[in-house]
Amino acid sequence: MSRTEVSIPMPEGSARAFVFTPDQGDGPWPTAVIFMDAPAIRPSLFEMGERLASHGYYVLLPDMFWRLGPYEPIDLQAVFRDEAVRREVFGKMTGSTNPQKAVADMAVWFDWLDKQPKAKADKIGVTGYCMGGGLALRAAGNFPDRVVAAGAFHPGNVATDAPDSPHLLAPKTKAKLLVGGADQDAGFDEAQKDRLDKAFREAGVEAEVGIWAGARHGYVPTDMPVYNKDAAERHWRELIALFDSKLK
């Protein structure tokens, strides 16, 4: 697959992002956006972008932490070995953005996609992991006429008592949704799963919401200590089926 680093002009500067396209053909291809997890831009996310592109998609992977400026990939082994280091590193990263900033960024990125001749961006599929799962649901709720399919995998805190909890966007959502939570994940337990599912059902949203047995938080990226091949492959099968049904 082809991978290209791009710089997208933003009101506050320039955002780093990566574009993945299929090996064959010249496009335009249906468009998908990957919302990254907290460990940020790194080779395993490039693998995911390439794999999604191999199914015939123009894929955008934006750096949600672009306001930090250039940074080196996180050493996951070192970070997960020391809780204090993990909190410091992830706190700095996630502190550079928030839901409001992220939604504003999405509007710019979607406008940028409109100008790309190889992208069919009138309809977009989004998928997110960990914190990106919540962003995928926010994208669906804030851009209902653009986002037609959304996947959220091992998401956290997407159906809480917070006044801006993603589940409250259900009445605005038109996309078809797939949510695959993880076992033993305090950030998305049975109570949150039930609340999220209820919100979608009451809003008439077509959604499949579940907690996948045997999969722990972070099960999709291959470099995560809790990577689960069976759950990750299930995620790929169901995500591609979702995107194909709405974008092809």
Side-chain angles (χ1 to χ4, degrees), residues 1 3-8 10 14-20 31-53 57-76 79-80 86 89-110 112-113 124-140 142-143 147 149-158 166 178-182 185 187-188 217-227 232 235-236 239 243:
M1 299 301 106
R3 183 182 86 219
T4 304
E5 183 172 347
V6 298
S7 180
I8 301 178
M10 309 293 287
S14 297
R16 178 178 67 154
F18 298 86
V19 170
F20 306 84
T31 299
V33 177
I34 295 176
F35 292 118
M36 67 191 200
D37 54 1
I41 299 296
R42 60 197 193 280
S44 67
L45 294 189
F46 295 156
E47 293 174 6
M48 293 168 65
E50 291 168 355
R51 181 160 179 177
L52 186 52
Y57 288 92
Y58 181 105
V59 180
L60 178 68
L61 169 65
D63 185 352
M64 304 304 300
F65 302 148
W66 64 270
R67 291 175 177 82
L68 290 174
Y71 58 83
E72 293 296 320
I74 295 174
D75 183 343
L76 290 183
V79 166
F80 285 108
R86 187 189 71 81
V89 171
F90 287 171
K92 177 183 177 181
M93 293 288 193
T94 59
S96 69
T97 189
N98 59 39
Q100 293 73 34
K101 289 179 179 178
V103 170
D105 289 348
M106 291 175 197
V108 178
W109 294 330
F110 292 170
W112 181 85
L113 285 167
I124 292 175
V126 300
T127 182
Y129 307 84
C130 181
M131 70 168 198
L135 295 178
L137 298 182
R138 292 185 190 280
N142 283 281
F143 303 93
V147 176
F153 301 94
H154 43 85
N157 302 313
V158 293
L178 171 63
V179 180
D185 186 353
F188 188 66
H217 182 82
Y219 61 79
V220 174
T222 57
D223 62 348
M224 292 293 285
V226 294
Y227 167 70
H235 138 271
W236 282 115
L239 178 66
F243 281 1

> If every non-hydrogen atom of Asp37 is compared with every non-hydrogen atom of Cys130, which pair is closest and at what distance?
Replying inline: CB-CB, 3.5 Å

>> Looking only at the side chains, is there a donor atom on one of His217 and Tyr129 sitting less than 3.5 Å from an acceptor on the other?
In response: no

> Do Leu60 and Thr31 have side-chain heavy atoms sitting under 4.5 Å apart?
Replying inline: no

> Quick one: does Phe46's side chain get under 4.5 Å of Arg3's, heavy atoms only?
Replying inline: yes

> Quick check: are there more than 12 heavy atoms from other residues, nucleotides or ligands sitting under 6.0 Å from NZ of Lys101?
Replying inline: yes

> Is the closest side-chain heavy-atom distance between Tyr58 and Leu113 below 4.5 Å?
Replying inline: yes

> What orientation do Tyr71 and Phe65 show, parallel under 30°, tilted 30 to 60°, or perpendicular over 60°?
Replying inline: tilted

>> Check this for me: Glu72, atom CD, are more than 12 non-hydrogen atoms of other residues, nucleotides or ligands nearer than 6.0 Å?
In response: no

> Taking all non-hydrogen atoms of both residues, which atom of Arg67 and which atom of Ser96 are closest, and how far apart?
Replying inline: CD-O, 3.4 Å

> Pick one: which of Thr127, Leu135, Val126 meets side chain to side chain contact (heavy atoms under 4.5 Å, CB included) with Val33?
Replying inline: Val126

>> Which heavy atom of Gly151 sits nearest to which heavy atom of Ala136, and what is that distance?
In response: O-CB, 3.4 Å

> Do you know the tightest heavy-atom contact between His154 and Pro221?
Replying inline: NE2-CD, 3.8 Å

>> Quick check for you: to the nearest 0.5 Å, what is the distance between Trp109 atom CH2 and Ile124 atom CD1?
In response: 12.0 Å

> What pair of heavy atoms forms the shortest contact from Pro62 to Ile41, and how long is it?
Replying inline: O-CD1, 4.2 Å

> Is there side-chain contact between Ile74 and Phe90, with heavy atoms separated by less than 4.5 Å?
Replying inline: yes

> Can you find a pair of side-chain heavy atoms, one from Val179 and one from Phe153, that are under 4.5 Å apart?
Replying inline: no

>> Testing the basics here: between Pro155 and Phe188, what is the closest heavy-atom pair and its distance to 0.1 Å?
In response: O-CB, 3.3 Å

> Met48 versus Trp236: any side-chain heavy-atom pair under 4.5 Å?
Replying inline: yes

> So how far is it from Met131 CE to Thr97 OG1, rounded to the nearest 0.5 Å?
Replying inline: 7.0 Å

